[in-house]
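As the structure is a prediction and not an experimental result, all values here were calculated from the model.
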Amino acid sequence: MNSQLIRDAIKALKSGPIVVSTGAGVSAESGIPTFRGSADSLWQGYKPEDLATPEAFEKNPQLVWDWYYWRRRLISQAQPNPGHLSLTELSLHRTDEFTLLTQNVDGLHQRAGYPNPIEMHGSIWNTKCRVCGCVSKDEALSSTTVPMCVACNSLTGPGVVWFGEEVHDGFFRVLSSITARHTIMIVGTSGNVFPANQIATVAKARGATTICVNVDPVMGPAIDIPLVGKSGDILPLIVENWGVVV
Ligand code: OAD
């Protein structure tokens, strides 16, 4: 990794409010498959329209739940990695001006000690009823029956945002608050999914500085400081060199 780019990133991160936006890549080194980008990515083996839409749930709720239970079991066996832990540490340097958005539903940022990420796509550790909207904590790892909503007794789905559903409105509050003083660091996302993929271009248009941490050079001209490599390697470098760069 080019050490000048790391220094540039730290300078930018020290210069004003920070928004970090993470995707599946930040959890890859914990052993959780990403959706795209490699041969064992989830959307290579499964079709989103069969598993991650309201229509899929209506058609075959048990099949959908079986897939989410399988993912819950994988996640429950995983541990936060140095990428998650470094973001928590970074937040402690800048507690008053640090916001973490994540598309991930795995809860690994919380398990790494960061208490309140904005979970744009919800949490796999909840259920969400598409009939009455009730959200409940649920940590079952398997079941041969589809869970029922505790409020209205309908069949309830996992507490995640599916294709065609609205993301957490906190995302739009953060997006509208971005100014030229901000630094936006985007970690481990392919930038394929709306609206999370708007943040770099919106931030750039407002004059903010944009950093991208990814094993592939994604998002092209919307990024000022591309840090190409694993988030579990690059984010610890930022934390280790934080005090050295003025
Ligand atoms: P993707 O799977 O689309 O992209 C993961 C990105 O992480 C890719 O660009 C990889 O190159 C990169 N990557 C892989 N390993 C990495 C590592 N160790 N360090 C850094 N980068 C790494 O994941 P997302 O962009 O998060 O939504 O996907 C967004 C949404 O698409 C998900 O939330 C999910 C999915 O369909 C729904 O299900 C609605």
Shared hydrophobic cluster for Val64 and Val131 (ILVMFWY, side-chain gaps under 4.5 Å): no
Looking at side-chain heavy atoms only, is the closest gap between Cys134 and Cys149 below 4.5 Å? yes
Do His84 and Ser27 pair up side chain to side chain, a donor and an acceptor below 3.5 Å, judged on atom types alone? yes
Consider only side-chain heavy atoms of I, L, V, M, F, W and Y, link residues closer than 4.5 Å, and tell whether Leu108 and Val239 are in one cluster. no
So, His182 side chain and Thr179 main chain: donor-acceptor pair closer than 3.5 Å or not? yes
Working for side chain to side chain contact (heavy atoms under 4.5 Å, CB included), residues Ile118 and Thr102: CA-CA 6 Å; Ile118 296 172; Thr102 186; over 6 Å; no
Is a side-chain N or O of Thr156 found less than 3.5 angstrom from the main chain of Thr127, in a donor-acceptor match? no
Please confirm whether Phe194 and Phe163 have ring centers closer than 6.0 angstrom. no
State yes or no: do Trp67 and Ile124 share one hydrophobic cluster built from I, L, V, M, F, W and Y residues joined by side-chain heavy-atom distances below 4.5 Å, directly or via other members? yes
Could you measure the distance from the NZ atom of Lys14 to the OG1 atom of Thr183? Nearest 0.5 Å is fine. 12.5 Å
With no hydrogens and no angle check, do the side chains of Gln44 and Asp40 hold a donor and an acceptor under 3.5 Å apart? no
Backbone N/O of Val244 and side chain of Asn241: donor-acceptor pair under 3.5 Å: no
Given Trp65, which partner from the list Ser143, Ser142, Pro147 fulfils the side-chain contact (heavy atoms from CB on, under 4.5 Å) test? Pro147
Looking at every non-hydrogen atom in both residues, tell me the closest pair between Ser136 and Val150 and how far apart they are. OG-CG2, 3.4 Å
Are Ile234 and Tyr114 in one and the same hydrophobic cluster, where Ile, Leu, Val, Met, Phe, Trp and Tyr link if side-chain heavy atoms are under 4.5 Å apart? yes
Could you give the distance from OG (Ser76) to OH (Tyr69), rounded to the nearest 0.5 Å? 13.0 Å
Taking atom SG of Cys212 and atom CD1 of Ile223, what is their separation to the nearest 0.5 Å? 4.5 Å
Give the intermediate values and the outcome of side chain to side chain contact (heavy atoms under 4.5 Å, CB included) for residues Cys152 and Cys129. CA-CA 8 Å; Cys152 76; Cys129 176; 3.7 Å; yes
Give the C-alpha distance, both sets of side-chain angles, the deciding distance and a yes or no for side-chain hydrogen bond (donor to acceptor under 3.5 Å, both in side chains) between Thr22 and His109. CA-CA 10 Å; Thr22 66; His109 286 301; 2.9 Å; yes
Can you give me the closest heavy-atom contact between Pro195 and Val167, atom names plus distance? CD-CG1, 3.6 Å
Should Val213 and Leu235 count as side-chain neighbours, where that means a heavy-atom distance under 4.5 Å? yes
Just by modelled atom types, is the Phe98 backbone N or O under 3.5 Å from a matching donor or acceptor in the Ser91 side chain? no
For Ser30 and Gln79, test the side chains for any donor-to-acceptor distance below 3.5 angstrom and give the result as yes or no. no
Polar side-chain atom of Arg111 near backbone of Pro80 as donor-acceptor pair, under 3.5 Å: no
Counting N and O atoms only, with roles assigned by atom type, does the side chain of Arg94 sit under 3.5 Å from a partner on the main chain of Gly16, one being a donor and the other an acceptor? yes
Exercise: identify the closest heavy-atom pair between Val218 and Thr189: CG2-O, 3.7 Å
Can you pull out every ring pair (Phe, Tyr, Trp, His ring centres under 6.0 Å) where at least one residue sits in residues 123-160? Sequence neighbours excluded, please. none
Test item: Lys59 and Glu49 side chains (from C-beta on) under 4.5 Å apart, heavy atoms: no
Do you know which two heavy atoms are closest between Ala56 and Thr53, and how far apart they sit? N-OG1, 2.9 Å
Give a yes or no answer on whether the side chain of Arg206 reaches the backbone of Ile178 with a donor-acceptor pair at less than 3.5 Å. yes
Contacts of type side chain to side chain donor-acceptor pair (under 3.5 Å), residue Asn126, not counting sequence neighbours: none
Looking only at atom types and distance, does a side-chain atom of Asn104 sit under 3.5 Å from a main-chain N or O of Ala24, one as donor and one as acceptor? yes
Could you tell me whether Gln198 atom CD has more than 12 heavy atoms of other residues or ligands within 6.0 Å of it? yes
Stepwise, does the side chain to side chain contact (heavy atoms under 4.5 Å, CB included) test hold for Ile186 with Ile211? CA-CA 6 Å; Ile186 298 164; Ile211 302 170; over 6 Å; no
Ignoring hydrogens, what is the shortest heavy-atom contact between Ala52 and Trp43? Give both atom names and the distance. CB-CH2, 4.1 Å
Without hydrogens or angle criteria, can the side chains of Ser41 and Ser38 be said to hold a donor-acceptor pair below 3.5 Å? yes
Residues in side chain to side chain donor-acceptor pair (under 3.5 Å) with Asn192, at least two apart? Ser190
So does Asp138 pair up with Arg72, basic N to acidic O under 4.0 Å? yes
To check you understand the geometry: which heavy-atom pair defines the closest contact between Gly170 and His168, and what is its length? N-ND1, 2.8 Å
dist His93:NE2 -> Leu13:CG (nearest 0.5 Å) comes out at 10.5 Å
Report yes if some heavy atom in the side chain of Val20 is under 4.5 Å from a heavy atom in the side chain of Val187; otherwise report no. yes
A side-chain contact here means heavy atoms from C-beta on lying under 4.5 Å apart; do Glu97 and Ile18 qualify? no
Contact between Asp8 and Ile6 at the side-chain level, heavy atoms closer than 4.5 Å - yes or no? no
Under the 6.0 Å and 45° cation-pi test, does Lys128 pair with Trp162? no
Pair Ile199-Val19, side chain to side chain contact (heavy atoms under 4.5 Å, CB included): steps then yes or no: CA-CA 10 Å; Ile199 195 161; Val19 174; 4.2 Å; yes
Any side-chain heavy atom of Val215 sitting closer than 4.5 Å to one from Val228? no
Could Arg130 and Glu165 be called an ion pair, given the rule that one side-chain N must be under 4.0 Å from one carboxylate O? yes
Atom CG of Leu92 and atom CH2 of Trp242: how far apart are they, to the nearest 0.5 Å? 11.5 Å
Using 0.5 Å steps for rounding, measure from the OG atom of Ser231 to the CG atom of Leu237. 12.0 Å
Measuring only between side-chain heavy atoms, which start at C-beta, is Met185 closer than 4.5 Å to Ile238? yes
Quick one: do Ile225 and Val26 end up in the same hydrophobic cluster if we chain Ile, Leu, Val, Met, Phe, Trp and Tyr together by side-chain heavy atoms under 4.5 Å apart? yes
Electrostatic pair Asp224-Lys204, nearest N-O below 4.0 angstrom: yes
